[in-house]
Amino acid sequence: MSNSSIYKDVLMDHYRNPRNRGDLSEADIVRRGSNPRCGDDIDVGVNFDAETLAKVMFRGRGCSVCLASASMMTETVSGKSKTDAHQLVAAMRNWFTAEGATADDRPADNLAALDAVRGHSARKRCVMLAWEALDEALEIE
Amino acid sequence: MSNSSIYKDVLMDHYRNPRNRGDLSEADIVRRGSNPRCGDDIDVGVNFDAETLAKVMFRGRGCSVCLASASMMTETVSGKSKTDAHQLVAAMRNWFTAEGATADDRPADNLAALDAVRGHSARKRCVMLAWEALDEALEIE
Amino acid sequence: MKIKPFDVFDSAPVLADVPLLAAAGESLHYLDNAATTQKPNAVIDAISDCYRQHNAPVHRGLYDLAENASQLYETARRTLAKFIGAASDQLIFTRSATESINMVAQGWLRPRLNKGDQIWLTRMEHHANYLPWQALCRDNGARLRIIELNQDGTLDLENCTGLYDASTKLIALTQVSNVLGVINPLKEICAKAAGQGIAVMIDAAQSVGHMPVDVTELDCDFLVFSAHKMFGPNGIGALYGKAERLNQMEPLLLGGGMVDHVSQCDSIWMPYPTKFEAGSQNLADALGFAAAVNWIRQHDMHAMHAHVTELTQYALDSLAKLNNVEIYGPRDAEQRAGIVSFNLTDVHPHDVGQIAGERGVAIRAGHHCCQPLMQQLGIAATARASFAPYNNRNDVDALIESLHAAQALMG
Amino acid sequence: MKIKPFDVFDSAPVLADVPLLAAAGESLHYLDNAATTQKPNAVIDAISDCYRQHNAPVHRGLYDLAENASQLYETARRTLAKFIGAASDQLIFTRSATESINMVAQGWLRPRLNKGDQIWLTRMEHHANYLPWQALCRDNGARLRIIELNQDGTLDLENCTGLYDASTKLIALTQVSNVLGVINPLKEICAKAAGQGIAVMIDAAQSVGHMPVDVTELDCDFLVFSAHKMFGPNGIGALYGKAERLNQMEPLLLGGGMVDHVSQCDSIWMPYPTKFEAGSQNLADALGFAAAVNWIRQHDMHAMHAHVTELTQYALDSLAKLNNVEIYGPRDAEQRAGIVSFNLTDVHPHDVGQIAGERGVAIRAGHHCCQPLMQQLGIAATARASFAPYNNRNDVDALIESLHAAQALMG
Ligand SMILES: Cc1ncc(COP(=O)(O)O)c(C=O)c1O
Ligand SMILES: Cc1ncc(COP(=O)(O)O)c(C=O)c1O
């Protein structure tokens, strides 16, 4: 596997052993992210403790990038405040879109494995799917 | 003037001294040929003697090629039968359109000066205007 | 695993003609030909030569350069028309197969489609041959009907009741499915439709240039295709129509060159094909398009087609030997063009495509602009390998190796 | 008569960059730039390089070649957008200015134009910016209104009562007349229109690349142009729209790539610009288009514009010295772009064009797709010389000599 491969060990680990994947029936709010272009379909559920994201879970189907990113997302935002989580989504969006963004612009260190995906514009929507669903769940204007 | 010039002496002569140009009020039938693309606008009038074109006249405005061709046309078809005139128009059309047509395919010798225009597809409609108007005047299916 | 090519066709000279592939060598196995083909030198040179030697407005100028440009443009039209057995003036240059279809939908069918009429498509149509008709049916209160597929991906022509009814105004279908590779029995459909006065429009984006296509033999009403899918340039396509249909059809684009007389309230169009080519003509790409046709002729389309068929059979057989693979469409390459869609169980097609790509194997993963077909198959996407005459068995072998790798990584 | 160039701009390096003209040398004086411009090596090379190195489907593939193609395409979009002061995603690649205008007419105005509404154009519009609105008015029962011209060819903005009325839904006008050369006062019109909530669409086919054009400064709603008129390739153009307008606008072409979700009866489009780019993208010409912009930047558009203005003044002055000549439009080159239309008394413009052509001077004769203007001027056609930065005084001198010859031959 070449060095520029997007299939870094950390990503594969999240794909094979997704964190916080499971039943969303107890969630306070569930939002769906779907990409008919490739059939990715993810539900993100959040339990709030006042302004804090106490528990963030997901379920659904998608490619390895989509599922790993969802898994990483749940890890990254759990325990964060709504505002911080919202800002993290914005930072993710920026990391994957802004001209001249670099590996150093990653919103959190545990997302480093996604850096290899950034060069692949076709996968951007796979990466962002769970994050955008989360953003909707936060219901911040 | 280069050898490939379309402005041969014979053509210029017909332009400067058009044959059968004038009043059409005595014609048995008058048909109009107009090309809004360049503002050419020609009326062709015919007097019949039974099945023969006794007199063919034209009037109108146009570029030198259009007017010279009209003049040559009147000269070529005067005295011909309707059928022969109709065939001459078809032969003209063919001479200006058919792939592989050569100078030798001219429908009549007094049209030789038009050979230089054949390479200029943009002028085809100028050349044919009076001929097509004549064809309409013949009213042959 | 290297096997000596088993067929008589030598793909090496074809490959040598295609600079992108020749330069990439073994680092690239280009198997995304159904999306777009690579370009031979003859096509690239025709375009640059145009800009270096012939560039001028078409049908507008009186000086030599312009006259010559006009003649080159019309010669290109003749080359294209002849290639599909059409009269020269019935070949309209468009921007793409997509535009050609939209022209027929807006310019021909829209004014004559009434409430209760039917448009028939097939389950395998590309969005380009689906969305324009869907929108038209919605706007005009007509019904969109679908010819469904048999288990092997061929058209189920037994169970499409009403196909040739008087209320059917158009049957629009593809000659070759860009997902299943299936070749449809067009002659039969065209003949039956003609008997009922029903128009047939053929999407030949995947067939022209790859197999013989003759509009006179097919006796279709319209046929569309794109240059870039047959070794020609981006940005140009074609529309063929029967004379009567072209006379009936209104232009999609209004503008310079297509009008004879403009007055305050109304205007008079030029006759076809001019009526349908508003705006400055795309001379360079028309010349590139014709160069592609000449290149195909020079290399013998029949021989190239036979080579692609053999390669497709080899790919089908090799894929079938994998574990946990699903192959879509008929197993017999004779029934299809050089397009093979498949899925590996439990590996998302995007991962298949990405892993193959990381190993230099360029295949496509997605719905291939065929969501209605995907929905019917109950899947979101497939991986797809598609072949051209410059491909050979090494490319198939590399594909199979990359699939082993995908299974190893994702399994 | 040879005169040393009087301005600081040296057109020789620009000319050397343009292989068709460099090869033709003194045998060709290309003065038909308003019809189409000649192409610099940078543009021709960008296209061949694309086919030799980068060709792949855009926004569809997962392998490196395809990913790279997607990025190059979007970089080209950014280059174009920046060049006219637009946000990148508001720059839509089209096939031409003609298509861009038809897109606005069909996709934006048609659904919101009611009986009794008005569309305002000007007397100098090209058919591309006339026919789509004429057809729309006829179909929707709206009124087509015309801003007439002053004696010198400038817009008569004093006497167009109702221009900014509530019933006006759109003002569509050209930035530069392709016959008169006149530059229109767009900022004033846009500002007044914006005050009344009236949309303004600018036909910038003759201005972009030749003079500074900034959509933010103009504050227009739509702006269209074509690559081939600004040293770029055939077959590609652009449409800029304000975000709000693009959201409102429906696509003209339906097909692959522009749709997010397709279901049996309905479909959901992608956001702009994708919504408006159905079908396979024209990568090669997008890269050629961007190369044209970079070439213009490199040679300094302001310097080139100043050179063309001086050349135009020289042409106007030289023409005025002829006997029996009528020149259309303002006599002051500062008020116009490098376009000069004229007629010789008693010599048909076709003969003027042909005779000039026989002497290697490429000018245009005809109605220039501006029949409404010709009707107003009471003429059928004009001869037209139009200048580009690679032209110089020798070209003007050759033109004048050819006009003497025409007068001698036809007089
Ligand atoms: C003012 C003007 N508008 C529009 C057009 C149409 O441009 P195109 O033919 O490239 O679509 C032209 C050129 O023909 C023009 O001069
Ligand atoms: C079957 C089929 N029809 C139509 C099209 C559309 O062709 P284009 O994108 O060149 O307009 C394609 C390719 O994308 C296709 O595969």
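Chain identifiers are assigned alphabetically (A, B, ...) following the order of the sequence lines, protein sequences preceding nucleic acid strands; residue numbering begins at 1 within each chain. Keep in mind that this is a model prediction, so the values were computed, not measured.
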Non-hydrogen atoms of [X] and [Y] that approach each other most closely:
X	Y	value
Q371(C)	D260(D)	NE2-O, 2.9 Å
R52(C)	P19(D)	NH1-CG, 3.7 Å
T98(D)	G279(C)	OG1-CA, 3.5 Å
G257(C)	C369(D)	N-SG, 3.9 Å
Y63(D)	G357(C)	CB-CA, 3.8 Å

Choice from [options] maximising heavy atom contacts with chain C below 4.5 Å:
options	value
P132(D), A35(D), A23(D)	P132(D)
D32(D), D285(D), I47(D), L144(D)	D32(D)
Q354(D), Q106(D), R60(D)	R60(D)
L252(D), D64(D), D266(D)	D266(D)
G360(D), S96(D), S263(D)	S263(D)
H228(D), H350(D), Q264(D), E67(D)	Q264(D)

| remark: Taken to the nearest 0.5 Å, the spacing of K229(C) NZ from S280(D) OG works out to 4.5 Å

| What distance separates D45(C) CG from Y51(D) OH, expressed to the nearest 0.5 Å? | 12.5 Å

| request: Return the option, out of H126(C), H367(C), M374(C), Q375(C), with the maximum number of heavy-atom pairs under 4.5 Å with chain D. | output: Q375(C)

| field | Pick from A105(C), S226(C), A135(C), P233(C) with the largest number of heavy-atom pairs that fall under 4.5 Å of chain D | value | P233(C)

Given a strict heavy-atom distance threshold of 4.5 Å, which part of [X] is in contact with chain C: side chain, backbone, both, or neither?
X	result
N41(D)	side chain
I146(D)	side chain
I236(D)	neither
L28(D)	side chain
D351(D)	neither
Q53(D)	backbone
H261(D)	both
A97(D)	neither
H368(D)	neither

| What do the steps show when you test V262(C) against Y130(D) for side-chain contact (heavy atoms from CB on, under 4.5 Å), and what is the final call? | CA-CA 9 Å; V262(C) 178; Y130(D) 192 96; 3.8 Å; yes

Can you check whether [X] reaches [Y] side chain to side chain, under 4.5 Å on heavy atoms?
X	Y	answer
L131(C)	W269(D)	yes
N282(D)	R95(C)	no
N55(D)	T36(C)	yes

| D49(D)/K39(C) salt bridge by N-O under 4.0 Å criterion | no

Region of [X] that comes under 4.5 Å of a non-hydrogen atom in chain D:
X	result
L65(C)	side chain
M258(C)	side chain
N33(C)	neither
R138(C)	side chain
T37(C)	backbone

| request: Compute whether any side-chain donor of one residue and acceptor of the other, for Q281(D) and N234(C), lie under 3.5 angstrom apart. | output: no

